[in-house]
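Note that ligands are numbered from 1 as they come in the structure, with each ligand's atoms numbered from 1 the same way.
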Amino acid sequence: MIQLNRRHFLKGAGASGATCALASFLPGSLAAIEKQPLKGMTSEVASICEMCSTRCPIKARIIDGKNVFISGNKEAKSFGGKVCARGGAGHSLLYDPQRIVKPLKRVGERGEGKWAEISWDEAYQFIAQKLTAIKQQHGAESIAFSSKSGSLDGHVFHLASALGTPNTFTHASTCPGAYVIAAKAMFGTKMKRDLGNSKYIINFGHNIYEGINMSETRGMMQAQMD
Ligand code: SF4
């Protein structure tokens with residue numbers, strides 16, 4: 001049984017990224033997988049991590065058509081060629097037996113936790129009926145659409161526009177948007193923080209070890225080690 005406490009986890013994740021963190025904390029087999037030479041039906045596919053909005057470049061190791069390991073893309077120098085522990089866990093998101101792959105409709109009272117699987121056709125029909133009823137009763141602008149920013153938000157916002165509401169937002173609206181606007185107002189441009197070479201850091205409202213941007217987290221760890 002591997003003992004992993006929060007302190008060790010954060011230290012591992014921040015200092016070295018998931019490749020090393022997993023190698024340190026998980027059974028030897030995962031670390032061994034990354035070191036195995038590519039042969040037979042094994043391949044590596046370059047992609048991006050979808051586990052948070054930083055979208056770090058990754059390499060997914062595939063054996064017989066199945067992803068077995070995720071590591072940072074070493075060609076992506078500015079990201080340090082690493083992923084964080086959450087990024088490495090993207091593998092589990094893909095194959096977790098509890099992953100939701102079909103629409104679920106609540107069949108009990110709110111909060112009761114009772115759900116039934118329904119078809120996509122039923123789900124779209126139900127959503128369309130509800131949206132139409134809300135629009136007729138309260139107007140289209142009473143509806144807001146939210147999407148994780150990324151490759152698919154355009155589709156969701158296109159739907160919002162078709163329905164007649166301008167109310168859309170993403171993670172960027174509440175997180176990097178505020179920081180980018182504040183930096184532009186104060187410095188006239190985007191701000192790139194050189195955390196790694198900083199001697200004194202004052203940080204408000206942003207946990208750099210948990211709201212992770214890999215390059216910033218590594219910079220923070222670098223500043224602490226120097
Ligand atoms: S910071 Fe971690 S979870 Fe976010 S994109 Fe990068 S590797 Fe993935």
Undergrad: Any donor-acceptor pair under 3.5 Å linking the side chain of Arg61 with the backbone of Val68?
TA: no
Undergrad: Would Ile201 and Met221 show up in the same hydrophobic cluster when neighbours are defined by side-chain heavy atoms closer than 4.5 Å?
TA: yes
Undergrad: Tell me which protein heavy atom sits closest to atom 2 (Fe) of ligand 1, plus the residue, atom name and distance to 0.1 Å.
TA: Cys84 SG, 2.3 Å
Undergrad: Are the side chains of Lys114 and Arg106 in touch, meaning some heavy atoms are under 4.5 Å apart?
TA: no
Undergrad: Rounded to the nearest 0.5 Å, what's the gap from CD on Glu117 to NZ on Lys105? Could you check?
TA: 14.0 Å
Undergrad: Give the residue and atom name of whichever protein heavy atom lies nearest to atom 4 (Fe) of ligand 1, and the separation in Å to one decimal.
TA: Cys52 SG, 2.3 Å
Undergrad: Please check: side-chain N/O of Thr54 versus main-chain N/O of Cys56, any donor-acceptor pairing under 3.5 Å?
TA: no
Undergrad: Can you tell me which residue and heavy atom of the protein come closest to atom 6 (Fe) of ligand 1, and the distance to 0.1 Å?
TA: Cys56 SG, 2.3 Å
Undergrad: Measure across Asn67 and Ala60 and return the closest heavy-atom pair with its distance rounded to 0.1 Å.
TA: ND2-CB, 3.7 Å
Undergrad: Identify, for atom 8 (Fe) of ligand 1, the protein heavy atom at the shortest distance, and state residue, atom and that distance.
TA: Cys49 SG, 2.3 Å
Undergrad: Checking contacts here: is it the side chain or the backbone of Arg55 that comes within 4.0 Å of ligand 1, counting heavy atoms only? Could be both or neither.
TA: backbone
Undergrad: Atom 3 (S) of ligand 1: which protein heavy atom is closest, and how many Å away?
TA: Arg86 NE, 3.4 Å
Undergrad: At a 4.0 Å threshold, what atoms of ligand 1 neighbour a non-hydrogen atom of Val83?
TA: 7 (S)
